[in-house]
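Have a look at the structure below before the remarks.
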Amino acid sequence: MKERILVVEDEPGLLLALEDRLKDEGFAVFTEANGARAEEKARRGEFDLIVLDLMLPGRDGFQICQNLRESSIQTPILMLTAKGSNLDMIMGLRLGADDYLAKPFDMQVLIARMRALLRRSAVPGQLKTPKGTQYAFDEYVLDTASQELLKTGKPVTLNAQEYRLLEFFVQHPNRVYTRDELLDAVWGYEANTTSRTVDVHVAWLRRKIGEKKRPARIVTVRGYGYKFVTKER
Ligand code: CA
């Protein structure tokens with residue numbers, strides 16, 4: 001399956017050159033010249049990588065980067081900065097960009113950096129389907145298209161919150177989240193939720209994915225929260 005790249009650049013000549021070259025490299029390329037529209041597209045979370053120019057009409061690259069990370073959109077971002085501006089580079093990385101490249105750049109260098117980022121972000125056991133993604137761990141598969149958890153092919157019953165919590169975990173693996181962050185991400189602003197709500201659902205979910213006394217997938221990080229571990233044991 002082709003990797004989906006969103007290229008955000010307002011200089012028409014450069015945008016066209018990037019589009020052509022990246023298509024030649026076998027990527028599925030989507031382009032956008034306006035910053036605000038680019039953020040809207042990126043929010044759908046359908047891209048494997050975003051190449052993001054800094055100075056854009058509508059909204060600048062820093063703001064886009066920050067907004068996406070604040071919304072837990074973790075798509076890798078390669079930022080295009082002005083030549084020799086360390087400040088741009090440092091700002092970009094601080095706001096959540098994964099790498100940067102100063103203009104003017106060599107296309108081959110850009111492609112090498114993109115491939116390195118894509119390798120780093122590739123999650124083992126993840127299969128993109130036309131309507132969603134299947135996340136595999138142990139003998140389980142979580143299918144976002146059918147919103148089902150399968151154990152060796154047979155459905156495991158999850159309530160809506162358990163499903164959403166597990167979906168959040170598999171989509172944001174190997175990172176610790178506080179109970180408050182999980183409440184925000186999974187429950188939103190529903191009334192009557194407390195950090196205890198998270199603990200209870202984690203306990204239920206652990207049981208459903210066969211976690212015994214020492215959970216190895218949904219791990220408690222003492223004094224902080226929980227993380228979903230995808231690394232093999
Ligand atoms: Ca620009």
Side-chain angles (χ1 to χ4, degrees), residues 1-123 126 128 130-133 144 168 171-175 177 181 184-185:
M1 183 140 183
K2 285 186 175 184
E3 281 155 322
R4 297 163 61 91
I5 314 293
L6 176 65
V7 182
V8 188
E9 169 61 63
D10 60 323
E11 203 183 301
L14 180 56
L15 186 60
L16 199 62
L18 283 166
E19 186 179 9
D20 283 354
R21 182 61 195 269
L22 295 180
K23 278 183 178 162
D24 282 350
E25 292 289 327
F27 295 114
V29 185
F30 302 81
T31 60
E32 181 53 64
N34 176 279
R37 282 201 300 269
E39 185 182 318
E40 233 168 82
K41 288 184 180 175
R43 278 181 181 283
R44 288 183 227 141
E46 294 166 351
F47 302 102
D48 297 299
L49 177 77
I50 302 167
V51 176
L52 183 62
D53 186 29
L54 198 49
M55 300 302 290
L56 293 164
R59 191 167 301 158
D60 72 39
F62 288 142
Q63 193 63 55
I64 296 170
C65 204
Q66 188 176 24
N67 292 349
L68 291 177
R69 294 308 187 235
E70 279 176 4
S71 312
S72 289
I73 308 267
Q74 300 299 339
T75 311
I77 295 176
L78 195 157
M79 202 173 253
L80 303 176
T81 64
K83 186 179 187 229
S85 172
N86 285 336
L87 194 65
D88 284 359
M89 178 267 281
I90 291 163
M91 269 286 273
L93 294 178
R94 256 192 53 204
L95 294 177
D98 299 272
D99 200 359
Y100 68 93
L101 198 57
K103 286 180 173 181
F105 52 82
D106 184 296
M107 282 284 184
Q108 271 180 321
V109 175
L110 174 71
I111 287 153
R113 296 275 191 91
M114 287 174 61
R115 293 208 188 281
L117 270 186
L118 287 165
R119 270 198 306 276
R120 253 161 59 194
S121 67
V123 181
Q126 196 172 312
K128 292 229 163 77
K131 289 195 174 154
T133 306
T144 63
F168 181 82
Q171 288 176 340
H172 304 86
N174 307 315
R175 221 191 106 176
Y177 288 92
E181 285 172 329
D184 258 7

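Every number for a ligand or one of its atoms is a count from 1 in the order of the listing.
Among the heteroatoms counted here (N, O or S) of D53, OD2 is the one nearest to the Ca ion (ligand 1).
No salt bridge links R113 with D106; every basic N to acidic carboxylate O contact stays at or beyond 4.0 Å.
T133 approaches T144 most closely through the heavy-atom pair N-OG1, 2.7 Å.
For a distance bound of 3.0 Å, the N, O or S atoms of E9 include none lying that close to the Ca ion (ligand 1). In summary, D10 places an N/O/S atom under 3.0 Å from the Ca ion (ligand 1), meeting the contact criterion.
Atom CZ of F47 is surrounded by more than 12 heavy atoms from other residues, nucleotides or ligands within 6.0 Å.
The main-chain N or O of R4 is found under 3.5 Å from a side-chain atom of D48 such that the two form a donor-acceptor pair.
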